Amino acid sequence: QMCEKFTVCQNSVEMLLHNNLNLPKVTEEDGFYLLKRTVEDKCLRKISSGLYTFQTYLKYIQETFISEHQNVKSLSYNTERLAHIIKQMAINPEEVIIPDAATQESLHTKLKSTKAWTEKITIHLILRDFTSFMEKTVRAVRYLKNTRSFS
């Protein structure tokens, strides 16, 4: 929808190269496809932390992408629920890193200071990386479910 509404996808490749948002990522190096239980626990904690971190970015989109406010609000709510569920799957859920209020506010202020055109690119980048993060999360959780007795 971003590409259709704001035509930011085809004409803004140079902006995509300047992505300095530091969005959460899921990588193979994080041990998502290893069989050791301790590495699986690290994987679950990283996924949960990433989902909690995305909450600030989704809040920014919710406030900025007004025409999709309700959809983003629902996405944000479900992301928080998923973060909590995955956190509880971890052996040491208390080790999940959840951004504190000051960190969230600082990031939110930084995001709000972007200019109008950059704002659209920022939304596109956040949604693109969130989609990638969720795809890898689904793969990791399916893998864990199929190799262990997760329910």
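From a predicted model like this one, the values you see are computed outputs, not experimental measurements.
With ring centers used as reference points, Tyr57 lies 6.0 Å or more from Phe130.
Residues forming a salt bridge (charged side-chain N to carboxylate O under 4.0 Å, His left out) with Lys73 (at least two apart in sequence, or on another chain): none. Under the rule for a side chain to side chain donor-acceptor pair (under 3.5 Å), the partners of Ser76 that lie at least two apart in sequence or sit in another chain are Gln55. In this view, Tyr52 satisfies the ring pair (Phe, Tyr, Trp, His ring centres under 6.0 Å) rule with no residue, not counting sequence neighbours. In this structure, the side chain to side chain donor-acceptor pair (under 3.5 Å) partners of Tyr60, at least two apart in sequence or on a different chain, are Thr114. Contacts of Arg81 classified as side-chain contact (heavy atoms from CB on, under 4.5 Å), with partners at least two apart in sequence or in another chain: Tyr77, Asn78.
With hydrogens and angles ignored, the 3.5 Å screen pairs a side-chain donor or acceptor of Thr53 with a backbone N or O of Ser49. Judged by distance alone, the side chain of Ser74 and the main-chain N or O of Gln70 form no donor-acceptor pair under 3.5 Å. Between the side chain of Ser113 and the backbone N or O of Lys110, at least one donor-acceptor pair lies under 3.5 Å.
Residue pairs meeting the salt bridge (Lys or Arg N to Asp or Glu O under 4.0 Å) criterion with at least one member in residues 49-67, sequence neighbours excluded, are Glu63-Lys112.
At a threshold of 4.5 Å between non-hydrogen side-chain atoms, the residues Leu125 and Arg128 count as touching.
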Check residues 84-104 and write down every donor-acceptor pair under 3.5 Å in which the side-chain atom is one partner and the other belongs to a residue at least two apart or another chain.
from   : atom 1 : to     : atom 2 : distance (Å)
Asp100 : OD1    : Ala102 : N      : 3.3
Asp100 : OD1    : Thr103 : N      : 2.7
Asp100 : OD1    : Thr103 : OG1    : 2.6
Gln104 : NE2    : Pro99  : O      : 3.0

Run the side chain to side chain contact (heavy atoms under 4.5 Å, CB included) check on Gln62 and Leu58 step by step: do they pass?
CA-CA 6 Å; Gln62 186 178 339; Leu58 293 173; over 6 Å; no
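Taking OG1 from Thr137 and CG from Leu44, the interatomic distance works out to 10.0 Å, rounded to the nearest 0.5 Å.
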